[in-house]
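Okay, so here's the structure we're looking at.
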Amino acid sequence: MTRLPLPGTFDLPAVIQLAGKLRSTSGPVVLDGAAVERIGIPGLQLLLSAQATAQAGGKMFEIRHPSNALITAANTAGANEIIGIGSCDAI
Amino acid sequence: MQFDEIQAIFFQECEEGLAAIEINLAEIRDAAPEAETINTIFRAVHSIKGGAGAFGLETLQGFAHHLETVLDLLRTGELTSTPDLTVLLFAAFDVLSDHVASAQAGSGAPNDAAVLAQLEAAAAMASGGSAVDEPEPVPVTDDSTRIDVSEMMDLDLDSLLASIEAPVATQAAWWVQICPGRGAFHNGADPLPLLREIETLGGSVVSLDTSALPSLETLVVDECWIGWTMQVPGSVSRDDIEAVFDFVADSYRVTLSHEPPSVLGPEPDSVPSAESTLAAPALAPATPGPPSELSPTPLPADDVGKAPVNSVTIRVELEKLDRLVNLVGELVITQAMLAQQLSVRGIGAIDELSDLDHLTRELQESAMSIRAQPVKSVFSRVPRIIRELEAGTGKRVRLEVEGEMTEVDKTVVERIGEPLTHMIRNAVDHGLEMPDERVAAGKPAEGVVRLAAEHRSGRIVISVSDDGRGIDLPRVRTKAIERGIIAADASLSDEDIENLIFAPGFSTAASVSNISGRGVGMDVVRRNVQSLGGRIGITSKFGKGSTFTLTLPLTLAILDGMVVSVGEQTYVIPLTHVVESLRPQHGDVRGFGPDAGVLDVRGAYLPILPVGQLLNVPEAGTEPTKAVLVVVETDAGQAILMVDGIQDQRQVVVKSLEANYAPVAGLAGATILGDGRVALILDVETLVQRHRGETNRALAA
C-alpha cells in the first residue's frame with residue numbers, strides 16, 4: 001500500500017508532482033490530507049481522476065484526515081461525496 | 001506567470017482604477033454628472049470587485065459590490081445625484097482605497113460598517129421601499145433574460161422595460177451551468193473562487209460533472225476537464241450572477257436559466273432556447289442560437305476588462321531601472337576618467353571625445369527621465385487629506401491643483417509625501433479661517449488651497465497656498481522674543497520673521513501662528529526637506545493668506561558640485577549652496593576667539609569654517625589669506641567654507657555613503673572623480689550647524 005501526504009499548498013506544481021507519484025504506484029493508495037491548506041480545482045480534479053481510475057481498476061483509494069481547507073474546497077466544488085471525504089476510516 | 005505576480009498586477013490596476021475613480025468623482029462634485037463619468041467610475045469599481053473575487057479578497061469584493069450597486073442605480077437613473085450622495089461616494093471611495101491598501105498589505109480590513117450601512121440605505125432609497133428586501137431593484141423574468149443590444153446602448157430603456165416587467169417577476173431559482181473549459185487553469189487561474197463567489201450569493205453546486213474527466217494515466221493536469229451545475233436563489237439578480245464571470249478566461253462557457261438544464265455537463269449538446277448564453281468573448285462554437293442572441297455580458301466587455309486608459313506604456317521592475325541608472329552613472333565616471341587620461345597625454349581635444357561626452361550626458365538624462373514620475377501620484381492623496389480635514393475642522397475647502405504632471409525622480413516623489421501632507425494640514429488647519437470668520441472678513445465661506453508644481457531652473461518647485469488669515473508678523477516676533485529665539489532689539493525683515501516659524505523652538509509653542517499641535521513642527525518638515533537637498537520657504541500677507549514653497553532637486557542621483565581640494569583630499573561642495581568664492585586680502589579676516597575668524601563680506605561678518613580642521617584633514621591650510629573662501633548659503637544663514645583650492649565645477653554621480661559604508665555626519669555622500677579617486681561630498685548644512693553649535697558652546701564657556 002502506498003501512503004502519501006497531500007501537500008500543504010496544493011497548487012498546479014504540486015498537482016503535477018503528485019500526479020507523477022500516483023501514476024508510478026500500482027497498488028492501493030492512502031492519501032493523508034491533514035496538511036492541506038490551499039487547494040484549488042486542479043488538485044480536486046486530480047483526486048477525482050485518481051479515484052475514478054482506482055475504482056475502475058478495483059483498487060483502494062482513500063483520503064484520510066482531510067484538513068478543513070480540503071473539506072471546504074471539496075464541499076464548494078460538490079466533490080465531497082465523490083472523494084469520499086466524510087467517511088473517515090480509522091487508519 | 002506566478003500567482004504573486006498576477007496579484008501584483010491586480011493591485012497596480014487597482015491603483016489605476018482608484019485614480020480614475022477619484023478624478024471622475026471630483027468631476028461629479030464640481031458639476032452635474034454626465035452619464036459617461038458615472039460609467040467610468042462604475043467600471044473601475046466593477047474591475048476592482050472582479051479582481052478581488054478572483055483573488056479571494058472577500059471583504060474588498062463585498063464592499064466594492066455595495067458601492068457598485070449604488071453606482072449602478074445612479075447610472076440607470078434610479079438614484080439621482082445629490083450633494084449628500086456625492087459625499088457618500090467620496091467616503092465610500094476612501095474606504096475602498098483603505099480596503100485595497102489593507103488587502104495589499106495583508107493586514108486587517110478597515111472598518112467599513114458605517115459607510116456600508118449608508119450605501120445600503122442609499123440603494124434601498126432607489127428601490128422605493130417596496131423592494132427593500134431585494135439586493136437589486138430590477139428582477140428579471142425569464143423572457144427578459146435575453147439581453148438585447150438596447151441594454152448596452154440605452155440604459156433607460158432597459159430599466160423602463162424592467163420596471164414594466166417587475167410585477168410579474170418570478171422567484172424561480174437560477175440554474176447556472178459552468179463549463180470552465182480546458183484553458184481555465186491558465187496563468188494560475190482557478191474556478192474554485194468563482195464557485196465560492198456563487199456560494200456567497202446563496203448558491204450551491206447541484207451536480208459536478210466528471211463525464212469528460214480522463215483517467216489518471218491520460219489526464220492533462222493543467223487543463224480543466226470538469227464542470228458544474230449550480231443553483232442560485234431567484235432573488236439574486238442576473239447581473240450579480242453574471243458579474244461573477246466577468247473576468248474569466250475565454251474558454252469558459254456559462255449558461256444561466258430559470259429552467260433546470262436538460263443536459264448537465266460541460267459539453268451540452270443543446271441548450272434550451274429560453275436560456276441565454278453568456279460567454280467569454282470567444283464563444284464556443286457549440287453554442288446554439290442565432291448570433292444576435294449570443295449576447296455578451298451585460299456590460300460592454302471591452303470596457304470592463306481593460307484599464308481605462310490605453311496608454312502606450314510598459315511596466316518595468318524598479319530594480320532593473322536602478323541597475324540601468326547605476327550603469328549609466330558608471331559610464332559617466334569612466335568617460336570622465338578617459339577624458340582626463342587623454343588630456344594628460346595631450347590628446348584631449350579630439351572630436352570623438354566631445355561626441356562621447358555629449359552622448360553620455362544625453363544617455364544619463366534619458367536614463368534619469370525613465371525614473372521620473374509625475375508628482376500626480378503624491379498630489380492625488382491630497383484631496384482625501386482635505387476631505388478629512390474638512391470633516392474634522394468644519395471648514396470648507398476648495399482644492400486647486402496645477403502642474404500635477406510635472407515630473408521628478410521617483411525617489412524624490414516618494415519622499416515629498418510627508419512634508420507635503422504637513423503643509424496641506426497646516427494650510428487648512430491653521431491657515432484657513434472658519435466659514436463664519438471668513439464671511440465676516442469679506443471672503444467667500446469656502447477657503448481655497450492651491451497646490452502647484454513646476455520646473456524652475458533644474459529644480460522642482462511645489463507650492464501650497466491658502467487664502468486664509470496669513471501670518472501675524474508682530475505676534476510672531478513678540479513670541480520669538482519671549483521664547484528667546486531672537487533678541488528683543490534684533491532688526492529683522494518681514495521675511496526673517498516669517499522664517500522664524502521654522503525655528504526649532506517654535507514648533508512646540510502653544511499658539512501664535514498656531515503652527516503646532518501634532519507633534520511635528522515646521523522645523524521637522526524643514527529638516528526632512530533639507531535631507532532631500534531641498535529648501536522650504538514661506539511668504540505671507542496678513543489677512544490674505546500664506547504660501548509655502550518647497551524647492552527640491554529633480555533627482556538625488558546627480559548633483560552639480562564644486563570640486564575643491566583640502567590638504568591631500570578632494571571634496572565636492574554642492575553648487576546649490578555656493579554663493580561666491582573669494583581670496584581674502586590681508587586684514588580682511590578678523591580673529592574671533594582663539595581659532596575662529598570672520599570675514600567682512602560687503603558689510604556682513606560671516607564665520608569662517610576651516611573644512612580641513614572640521615574634518616581632520618592632515619596638511620590642510622590654516623591661513624585664510626592663502627586659502628580660498630567659499631561663501632555658502634544655508635538655512636542657518638550664510639557662512640564661509642575655507643578650502644585650499646578650487647579644482648573644477650562639474651556634475652557628479654552621487655554614491656550613497658549610507659548604502660556603501662555608513663552614514664557620516666558632515667558628509668552627504670561620495671563620488672568617483674575622473675582620475676578614479678573617491679571624493680566626498682560635503683553636507684554643508686550639517687557642517688555649518690555643527691560649527692555654530694561648537695562656537696556657541698565655546699562662547700558660553
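Chain letters run A, B, ... following the sequence lines, proteins first, then strands; residues in each count from 1.
Chain A forms more heavy-atom pairs under 4.5 Å with one residue of B:E223, B:E199, B:R196 than with any other, namely B:E199.
Annotation: side chain of A:P42 is not in contact with side chain of B:D222 (no heavy-atom distance under 4.5 Å). Counting heavy atoms from C-beta outward, B:W228 and A:I41 have side chains that approach closer than 4.5 Å. Looking only at side-chain heavy atoms (C-beta outward), B:V205 and A:N75 stay at 4.5 Å or farther from each other. Residues A:L44 and B:I226 form no side-chain contact, since every pair of their non-hydrogen atoms from C-beta on lies 4.5 Å or further apart. Proximity of A:R23 to B:L219: side-chain heavy atoms (C-beta onward) are separated by under 4.5 Å at one or more points.
Contact between B:V221 and A:L12 at its shortest, heavy atoms only, is O-CD1, 3.7 Å.
Heavy atoms of other residues, nucleotides or ligands lying less than 6.0 angstrom from CD of B:E217 number more than 12. The local environment of CD in A:Q17 is sparse, with at most 12 non-hydrogen atoms from other residues, nucleotides or ligands closer than 6.0 Å.
The structure places CG of B:L216 at 12.0 Å from CD of A:Q51, a figure rounded to the nearest 0.5 Å. Rounding to the nearest 0.5 Å places CD of A:Q45 at 12.5 Å from CG of B:L192. For the atom pair A:T53 OG1 and B:L213 CG, the distance stands at 7.5 Å (nearest 0.5 Å).
Using a 4.5 Å cut-off between heavy atoms, B:P214 touches chain A through its backbone atoms (N, CA, C, O) alone. With a 4.5 angstrom heavy-atom cutoff, B:S215 touches chain A via backbone and side-chain atoms both. Of the two parts of A:A73, the backbone and the side chain both hold a non-hydrogen atom closer than 4.5 Å to a non-hydrogen atom of chain B.
Looking at residues two or more places apart in sequence or on another chain, you find a salt bridge (charged side-chain N to carboxylate O under 4.0 Å, His left out) between B:D98 and B:R384.
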